[in-house]
Chemist: 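Dropping a structure here in structure tokens format, bear with me for questions.
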Number of protein chains: 2
Amino acid sequence: MIVIDYKDKRPIYEQIIEKYENLIIRGVLEGGSKLPSVRSLAIDLSINPNTIQKAYTELERSGYIYSVKGKGNYVIDDEEIKKRKKEAVAEQSKNLVRLVKSLGITKEEFMENLNYVFEEVGL
Amino acid sequence: MIVIDYKDKRPIYEQIIEKYENLIIRGVLEGGSKLPSVRSLAIDLSINPNTIQKAYTELERSGYIYSVKGKGNYVIDDEEIKKRKKEAVAEQSKNLVRLVKSLGITKEEFMENLNYVFEEVGL
DNA sequence: TCCACTGTACTATTAGTCTTAATACACTTA
DNA sequence: TAAGTGTATTAAGACTAATAGTACAGTGGA
């Protein structure tokens with residue numbers, strides 16, 4: 001499920017965070033499902049458990065998972081995931097619109113172009 | 001023009017790169033205009049000239065500026081800036097559409113929402 | 001030509017982060 | 001109880017970011 005890219009200059013724990021954020025927000029991991037344990041994932045990826053723990057701690061802090069001592073780490077529930085999805089779309093939309101406006105592109109121009117993008121990007 | 005955020009955990013040179021990319025792509029800096037010299041900007045920001053040089057080197061490598069020995073660093077010309085603008089919008093559009101599709105949001109739903117975003121985001 | 005400014009290159013040093021390693025402790029469940 | 005879980009701590013090595021100092025080469029004006 002998770003693959004580390006050693007050509008990537010970013011730290012390993014950040015890569016893990018990003019991968020899980022994507023899996024969760026895209027619905028690949030359902031709400032409430034269990035993440036691999038700190039130790040087992042460390043063995044899987046041939047890295048140190050501390051690195052996994054750092055990623056999980058951060059994922060909990062930013063509200064993607066929650067942890068239960070002695071049991072494991074779990075994806076937040078579907079209700080919460082929906083919120084995250086909306087937040088993600090809202091944020092990226094706002095950024096893009098800001099850029100478009102600052103470049104002096106009209107809404108109509110942009111919207112038309114976006115239609116093509118929708119065609120181009122396959123499912 | 002440039003302000004360093006020391007609360008930001010990213011390296012200083014990356015912040016400088018990002019700031020200039022924005023200034024250039026948003027047209028605040030016109031094509032061909034001269035950037036502050038490595039030394040003068042270093043004094044302005046109270047940081048080391050080497051850090052500025054690292055930022056400028058990277059900005060040249062990624063095609064936002066060009067440098068002339070003994071003269072200074074200059075913003076690429078307007079023709080090139082236009083290309084960059086289009087690239088930036090295209091890339092961010094594609095990313096957003098990918099996200100929207102992966103979340104199962106329909107084009108119509110998204111487009112309607114985007115109308116509101118356009119209203120919200122002032123000029 | 002001289003001088004001040006410019007970009008560029010290099011080495012050395014300090015500080016901080018990333019990662020690994022090895023323990024240890026508390027909690028859960030079979 | 002035993003195995004598996006999360007969590008915390010300390011130490012070490014590798015790497016990067018940033019500073020400091022120096023040097024060299026090109027530009028342009030006095």
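All chains are named by letter (A, B, ...) in the order of the sequence lines, taking the proteins before the strands, and each is independently numbered beginning at 1. Computed over heavy atoms, backbone and side chain alike; hydrogens, waters and symmetry mates excluded.
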Chemist: Can you label the angle between the Phe118(B) ring and the Phe110(A) ring as parallel, tilted or perpendicular, going by 30° and 60°?
Modeler: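 It falls in the tilted class, 30° to 60°.
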
Chemist: In whole Å, I'd like the distance from the CG atom of Asn48(B) to the P atom of dA15(C).
Modeler: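 Taking CG of Asn48(B) and P of dA15(C), I get 15 Å after rounding.
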
Chemist: Identify, between Lys54(A) and Pro36(B), the residue whose nearest nucleotide on DNA chain C lies closer to the 5' end.
Modeler: Pro36(B)

Chemist: Return the 5'-most residue of the pair Lys71(B), Asn73(A) with respect to DNA chain D, ranking by each residue's nearest nucleotide.
Modeler: Asn73(A)

Chemist: Whole angstrom is fine here: how far is it from CD1 in Ile52(B) over to P in dC5(C)?
Modeler: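 Atom CD1 in Ile52(B) sits about 18 Å away from atom P in dC5(C).
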
Chemist: Looking across every strand, which nucleic acid part, if any, lies under 4.0 Å from Tyr13(B) by heavy atom: base, sugar-phosphate, or nothing?
Modeler: sugar-phosphate

Chemist: Does the distance from a Lys or Arg side-chain N to an Asp or Glu carboxylate O, for Glu18(A) and Arg10(A), drop under 4.0 Å?
Modeler: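 Judged by the 4.0 Å cut-off on N to carboxylate O distance, Glu18(A) and Arg10(A) do form a salt bridge.
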
Chemist: Output the rounded distance in Å from OH (Tyr6(B)) to P (dA15(C)).
Modeler: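 Distance, rounded to whole Å: 17 Å.
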
Chemist: Select one nucleotide: of dA18(D), dT7(D), dG6(D), the one nearest the side-chain heavy atoms of Thr51(B).
Modeler: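 Of dA18(D), dT7(D), dG6(D), dA18(D) is nearest to the side chain of Thr51(B).
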
Chemist: Does dT8(C) have its OP1 or OP2 closer than 4.0 Å to a side-chain nitrogen or oxygen of Ser67(B)?
Modeler: yes

Chemist: Can you tell me which nucleotide in dG26(D), dT19(C), dT6(C) comes closest to the side chain of Lys34(B)?
Modeler: dT6(C)

Chemist: Do the side chain of Lys94(B) and the main chain of Val117(A) share a donor and acceptor less than 3.5 angstrom apart?
Modeler: no

Chemist: What is the separation between atom CG on Asp44(A) and atom C1' on dG4(D), rounded to the nearest whole Å?
Modeler: 16 Å

Chemist: Once you round it to whole Å, what is the distance between P of dT14(C) and CG of Asn50(B)?
Modeler: 17 Å

Chemist: Just checking Tyr116(A): does its OH atom have more than 12 heavy atoms from other residues, nucleotides or ligands closer to it than 6.0 angstrom?
Modeler: no

Chemist: Nearest whole angstrom, please: distance from the C1' of dA3(D) to the CD1 of Ile43(A).
Modeler: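 Distance check: Ile43(A) CD1 to dA3(D) C1' gives 13 Å.
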
Chemist: Measure the distance from CD on Glu58(A) to P on dT19(C) and round it to the nearest whole Å.
Modeler: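 Atom-to-atom, Glu58(A) to dT19(C), this comes out as 13 Å.
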
Chemist: Gln53(B) has an atom CD; how far is it from atom C1' of dA17(D), in whole Å?
Modeler: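 Result: 15 Å.
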
Chemist: Hey, is the side chain of Arg39(A) pairing donor to acceptor with the base of dG4(D) inside 3.5 Å?
Modeler: no

Chemist: dT6(C), OP1 or OP2 - any side-chain N/O from Ser37(B) closer than 4.0 Å?
Modeler: yes

Chemist: Does Lys83(B) come within less than 4.0 Å of Glu80(B), counting only side-chain N to carboxylate O?
Modeler: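 Glu80(B) and Lys83(B): salt-bridged.
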
